[in-house]
Each structure stands twice: as structure tokens, then as C-alpha cells.
Amino acid sequence: MAAAAVAAAAVLALRRRRRPGRTSRPGARVARGGVMLDLKYVVEHFDEVAARLGTRGGNVDVQPLRDLADRRRALVTERDNLRRDQKAVSDGFRQPGVTPERREELRAKSKAMGERIAAAETGVGQVEARISDILMNTPNLPQPSTPVGTSADDNVVVRTVGEPRRLDFQAKEHWEIGEALGILDFEAARKVSGARFVLYRDAGARLERALASFMLDLHVSRGYREVLPPYVVLRDCMVGTGQLPKFFEEAYVATDDLFLIPTAEVPVTNIHREEMLDAARLPINYVAYSACFRREAGSHGKDVKGMTRVHQFQKVELVKFATPEASYEEHEKLVADAEEVLKRLDLPYRVVSLCSGDLGFSASKCYDIEVWLPGQAAYREISSCSNFEDFQARRASIRYRPAPGEKPRFVHTLNGSGVAIGRTIIALLENCQQADGSVVIPPALRPYMGGIEVIR
RNA sequence: GGAGAGAUGGCCGAGAGGUCGAAGGCGCCUGACUCGAAAUCAGGUGUGGGCAUCGCUCACCGGGGGUUCGAAUCCCUCUCUCUCCGCCA
């Protein structure tokens with residue numbers, strides 16, 4: 001299972017496409033070859049890879065890779081042989097007693113060879129660019145334990161925790177409650193930023209801040225290191241975690257080479273981009289609070305009311321770097337850590353294992369945590385906890401040395417919301433609403449609310 | 001924003017057109033010594049690609065481009081880091 005990842009760290013082709021003069025790659029030392037290991041795996045396990053990718057649905061076509069791999073191999077061999085020969089010719093210059101005539105002869109010969117090398121080189125570049133293009137746009141392989149299915153309907157409920165609350169009055173939806181209390185101001189948000197934004201006021205703003213502190217404190221107490229990352233990242237980061245090149249439409253572009261983060265996963269995972277991690281330090285656990293910016297392209301008409309789906313929301317994110325041996329276990333722990341938030345807030349939820357067809361691009365396995373919303377009378381996603389295995393690590397070149405003297409290996413990366421704050425507020429408003437429209441703050445949160453027990 | 005200096009393997013650090021994948025050191029591995037360890041001594045130890053199943057070969061010295069028969073080394077350019085000055089939350 002180790003070699004499960006498909007897409008490659010082939011930042012090469014991508015980099016080539018970048019406008020000159022706008023590159024930025026501090027301390028760049030990408031293991032370029034790492035790309036090809038990946039290709040090798042796909043080609044050598046072609047049927048298996050195609051089958052596993054097939055369970056995702058969509059139109060993933062890795063078929064051309066077989067031919068391309070063959071062509072690449074032939075071109076590389078040719079180029080390398082030419083280079084070796086040219087080296088041999090060049091050595092002639094250092095022989096004792098070379099006459100000027102001899103030098104001129106060698107010079108002409110070597111120069112001609114140089115031209116052939118350049119041609120072969122171009123060929124290799126073109127083939128590798130095509131390979132990279134395919135691999136970079138190929139999603140991760142689902143883990144064997146990921147249920148096979150085509151849509152969210154095929155997701156599997158793993159466990160349900162807490163009873164959906166029974167209210168003895170007609171449950172309202174969060175926007176009704178929030179606007180009536182004056183803590184959610186959609187009108188002001190629209191004026192300031194347009195559709196799909198929210199502005200919190202008074203106890204609402206306080207609630208956002210309280211939840212962030214509460215979640216951060218909780219996770220720090222359970223072994224995560226707190227970080228506060230930049231909200232704007234370089235293109236390479238977006239490529240590393242898998243948002244680019246394929247999901248450009250989803251991202252807010254700050255400048256040509258800078259992007260607003262869609263999740264803290266991006267900057268936090270990329271903390272260790274192009275690094276060799278100390279095996280003794282693994283697993284590394286980070287918790288980060290950040291705003292998240294999403295275009296929500298293609299979700300027109302979905303969740304248009306309220307703040308279920310907005311262009312900016314805040315989230316506390318958990319990120320792990322683990323050895324391949326430990327990653328499955330760490331994944332379970334990650335989910336448990338996210339669940340703990342809901343348990344302490346006394347919110348009913350269930351954990352769902354996403355089926356192959358519903359899996360995100362980079363994930364090999366994913367659990368969603370869905371919180372019960374009385375207003376909508378439905379379970380809605382509040383956290384998504386994924387294991388990416390070495391998919392992101394390959395793209396971002398994040399490795400570790402298992403033991404002194406051993407070969408470097410790619411780490412496994414994992415992350416999950418712990419949890420989305422906006423949706424937690426939705427859940428609190430709907431679950432803790434009372435007949436008179438007031439909302440009771442769960443005891444665990446009161447210390448962070450400056451004494452507020454009920455928002456009325 | 002102005003002026004300089006720099007970017008080399010896991011880390012530190014030499015190298016100034018070919019004999020450099022790169023001295024030396026640290027770290028690590030193996031062996032010797034030891035009851036064992038430390039110290040010491042000897043040897044080994046970068047990452048990928050291609051062919052091949054002793055092994056051979058190619059690439060990689062921040063990124064990109066150029067000069068040259070040949071570039072870690074020369075030129076251009078970009079990025080980043082550091083020092084000084086200015087400005088500023």
C-alpha cells in the first residue's frame with residue numbers, strides 16, 4: 001500500500017509554464033526524479049491503478065501514460081548516451097599534445113553532438129511535460145477500505161453519537177435565529193462584500209472568537225502544536241496540497257502567483273515542503289485557526305440562504321505528518337480529536353466514511369463528521385478528516401529518513417477540520433434554540449463567553 | 001525604497017572553466033580496541049533517472065536563460081536570506 005499515490009511531484013512542467021520573472025521557490029530542491037517513481041508505479045500496476053481510479057467515477061484517463069512512459073524511456077536513454085559520447089569527445093581536449101588542428105576537429109564534432117543532445121533534450125522535455133500534466137491532474141487512489149460508490153448516497157455511516165434533539169416547538173433555521181437576535185447580519189455583509197458572506201455582531205462575533213479559543217485550547221491540550229499561518233500562499237503550496245492545477249476555478253487569486261487559502265491545510269502542510277523530516281519527530285501534529293476563502297464555483301443555488309456555504313469562513317484545522325506505518329491509526333485519532341469538540345459542546349453528530357465517488361481529489365480515505373441540525377432536520381458536514389497517504393508528500397516533496405543510513409521515504413499527510421466554526425455556530429443556534437428565540441450557550445463554552453449563558 | 005554580502009549534500013563549510021558529485025568537519029553506519037561504554041584508529045555514508053540484475057551510465061551545487069567543445073565555477077535574470085540606511089503597522 002505504500003506506493004499508493006499516483007500523481008507526482010512533477011512541478012517541473014508546471015514551473016515551465018510559469019511566467020518568467022515570477023517564479024518563487026525558496027530553497028528549492030525538489031526531488032525531480034520522484035516524479036518518475038510515481039509514473040513507474042502506475043505503469044507497473046496499470047490495471048490495478050486504473051481499476052481503483054475507476055471507482056471514483058468521472059473520466060480519469062491514465063491510458064496514454066503507458067505509451068508516454070515508453071517514449072520517455074527511449075528518449076532519455078538516447079539523450080544520456082549522446083551526452084556520454086560528448087563527454088568522451090571533450091576529454092580529447094585534455095590529452096597531452098593536442099594540435100590546433102585536432103582541437104578544431106574535436107570542437108566541430110562536439111558542437112554537432114551538442115545540437116543532437118539539445119534536440120533529444122527537447123523531446124524528453126515535451127514527453128515529461130505531458131506525463132506530468134496527466135499525473136498532476138490524476139486524483140489519489142482510494143484506500144481499499146474506502147467504500148465503493150458513486151455519490152454521497154453511497155457513503156457509509158460509521159457511528160452516530162448523541163440523539164437528534166427533540167424540540168417541543170417549531171425549530172427555526174439558523175439565519176432566522178441569528179438575524180432575530182441581531183448577531184448575524186447578512187445585509188451588511190452583502191453591502192460590504194456581495195453575496196455569500198456573513199457579518200457577525202455582538203454576541204455572534206464573541207461566539208466566533210470563543211469557539212476559536214475553545215477549539216485551539218482543546219487540541220493543544222491533546223498534543224497539537226498551535227500555528228497561525230499566512231492566509232495567502234505561493235502557487236507551489238497550492239500545487240503541493242492538490243488544489244492546483246486542477247481546481248483553479250475554486251481559488252481566489254490574490255496576484256499572479258499568490259492565492260488566498262481555501263483552508264489552513266494549505267499553508268500548514270506546506271510548512272515542511274521540500275524538507276527531510278527527522279523520523280524521531282513523527283508524527284507531527286499542528287492545529288491552526290484561519291479564515292478560509294472559496295469561490296464556490298458551480299454551487300449556484302445550493303445553500304443560498306444563511307451561512308452554510310459562504311465565500312469566507314473560519315475554521316480550526318488539524319494537520320498531521322506521519323510515517324506510512326502509523327498513518328491509518330493517526331487518521332482514526334484525528335477523527336476522534338475532531339469529534340471531541342462536538343462531544344464537549346453536546347452536539348449530536350454522526351461519522352460517515354466517504355465512498356470512492358464522493359472522495360476529494362487528494363484524499364485516499366475520508367471521514368466526514370456531520371452534525372445534526374434541527375432547523376434543517378438533517379445531518380450536515382461540519383468536519384472532513386482525510387488521509388492523503390503520500391499523495392501530497394510527493395507533490396510537495398516532504399520526506400523523512402526512517403533510520404540512519406536508510407533511503408528517504410515520503411511521509412503521509414493527514415488533516416481534518418477541528419472543526420468549521422461557522423457551521424458550529426449554525427449547529428449551536430439550531431440545537432440550543434429555545435421557544436422564545438433565545439439560545440443557550442453550552443457550559444463548556446461559557447468561560448470563553450465572558451459570562452454570557454444565554455444569547456437573547 | 002537605497003547600498004552591499006550571500007544561497008553548495010542530513011547539517012556546517014571549501015571550491016573560482018575540464019582530472020568536481022564535489023575537499024574538510026559534524027552527524028550516521030561498519031570494523032578494531034573494551035567486560036561494556038566513552039575516547040581513539042580504519043573504512044563507508046547525497047538525491048533521483050536510464051540501462052542492467054558483479055555493475056554501467058546520465059542529471060542535480062537556490063530557479064530560469066546564456067557564453068563555451070566543456071560551467072558549481074563566467075554572463076544575464078528572478079527569488080530568497082543576511083547586514084546597513086530610509087520609511088512604516
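The chains referred to below are lettered A, B, ... by the order of the sequence lines, with proteins before strands, and numbering in each begins at 1. Keep in mind that the numbers below use all heavy atoms, side chains included, and drop hydrogens, waters and symmetry copies.
- Atom CZ in A:R399 sits about 14 Å away from atom P in B:G46, given to the nearest Å.
- Checking B:G49, B:G10, B:G70 against every side-chain atom of A:Q86, the shortest atom distance belongs to B:G70.
- A residue-by-residue look at A:R79 and A:L106 shows that A:R79 has its nearest nucleotide of RNA chain B further toward the 5' end.
- In the set B:G48, B:G10, B:G50, the nucleotide with an atom closest to the side chain of A:R401 is B:G10.
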Residue pair A:E208, A:Q314: steps toward the side-chain hydrogen bond (donor to acceptor under 3.5 Å, both in side chains) verdict: CA-CA 8 Å; A:E208 163 87 25; A:Q314 284 69 240; 3.1 Å; yes
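- Atoms CD (A:E275) and P (B:U47) sit 17 Å apart, rounded to a whole Å.
- Residues passing the side-chain hydrogen bond (donor to acceptor under 3.5 Å, both in side chains) test with A:T146: none are found, sequence neighbours excluded.
- For the C1' atom pair drawn from B:U67 and B:G49, the interatomic distance equals 28 Å after rounding to whole Å.
- For the C1' atoms, the distance from B:C12 to B:C56 is 34 Å, rounded to whole Å.
- Here, B:C20 and B:C76 have their C1' atoms 25 Å apart, quoted to the whole Å.
- Separating the CD atom of A:E121 from the P atom of B:G65 is a distance of 9 Å, rounded to the nearest angstrom.
- By the 6.0 Å and 45° rule, A:R295 stacks over the aromatic ring of A:Y252.
- Going from atom CG of A:L68 over to atom C1' of B:G49 covers 17 Å, rounded to whole Å.
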Could you list the protein-to-nucleotides 19-22 of chain B atom pairs, N/O on both sides, closer than 3.5 Å?
none

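- For A:P404, counting side-chain heavy atoms from C-beta on, the closest listed nucleotide (B:G50, B:C29, B:C58) is B:C29.
- Applying the 4.0 Å criterion to OP1 and OP2 of B:G48, one finds that A:K40 has every side-chain N and O outside that range.
- Distance check on atom C1': B:G13 versus B:G64 gives 27 Å, rounded to whole Å.
- For A:E275, the side chain to side chain contact (heavy atoms under 4.5 Å, CB included) test picks out A:H272, A:L277, with sequence neighbours left out.
- At a cut-off of 3.5 angstrom, the base of B:G50 holds no donor-acceptor pair with the side chain of A:N81.
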Pair pattern of RNA chain B in dot-bracket, where unpaired bases get dots and | marks partners in another strand, Watson-Crick or G-U under 3.5 angstrom: ((((((((.[[[..)..(.....]]]((((((.......))))))((((((...)))))).[[[[[..)....]]]]])))))))....
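- Backbone-only contact: A:K407 has heavy atoms under 4.0 Å from sugar-phosphate atoms and none from a base.
- Rounded to whole Å, the separation between the C1' atoms of B:G31 and B:G21 comes to 27 Å.
- For B:G9 and B:G48, the C1' atoms lie 13 Å apart once the distance is rounded to whole Å.
- Here the separation of B:G46 from B:U79, taken at their P atoms, is 35 Å to the nearest Å.
- Atom CZ in A:R84 sits about 14 Å away from atom C1' in B:G55, given to the nearest Å.
- Note on A:V76: only backbone sugar-phosphate atoms sit closer than 4.0 angstrom, heavy atoms only; bases stay farther off.
- Atom NZ in A:K191 sits 7.5 Å away from atom CD in A:E187 (nearest 0.5 Å).
- Nucleotide B:U68 holds its P atom 15 Å from the CD1 atom of A:I117, rounded to whole Å.
- Between A:P408 and A:D85, the residue anchored closer to the 5' end of RNA chain B is A:P408, taking for each the nucleotide with the nearest heavy atom.
- Separating the CD atom of A:E274 from the P atom of B:U8 is a distance of 14 Å, rounded to the nearest angstrom.
- Closest to the A:F93 side chain, of the nucleotides B:G18, B:G49, B:G48, is B:G18.
- Qualifying side-chain hydrogen bond (donor to acceptor under 3.5 Å, both in side chains) partners for A:R79, counting only residues two or more places apart in sequence or in other chains: A:E121.
- Ring orientation note: the planes of A:F248 and A:F259 are nearly perpendicular, at an angle over 60° on the 30°/60° scale.
- Taking the side-chain hydrogen bond (donor to acceptor under 3.5 Å, both in side chains) definition, one finds that A:R456 meets it with nothing, sequence neighbours left out.
- With respect to the salt-bridge test (charged N to carboxylate O, under 4.0 angstrom), the residues A:R409 and A:E325 qualify.
- A:Q63 is linked by a side chain to side chain contact (heavy atoms under 4.5 Å, CB included) to A:F46, A:D61, A:R66, counting only residues two or more places apart in sequence or in another chain.
- When distances run from any side-chain atom of A:S90 to the nucleotides B:U47, B:G49, B:G70, the shortest one goes to B:G70.
- With rounding to whole Å, A:E406 atom CD is found 16 Å from B:C28 atom P.
- Nucleotides B:A22 and B:C60 place their P atoms 14 Å apart, quoted to the nearest Å.
- Side-chain proximity of A:R83 to B:C58, B:C29, B:U47: nearest is B:C58.
- With sequence neighbours left out, the side chain to side chain contact (heavy atoms under 4.5 Å, CB included) criterion links A:P267 to A:P229, A:V233, A:I261.
- Take A:L106 and apply the side chain to side chain contact (heavy atoms under 4.5 Å, CB included) test, not counting sequence neighbours, and it matches A:V89, A:F93, A:R102.
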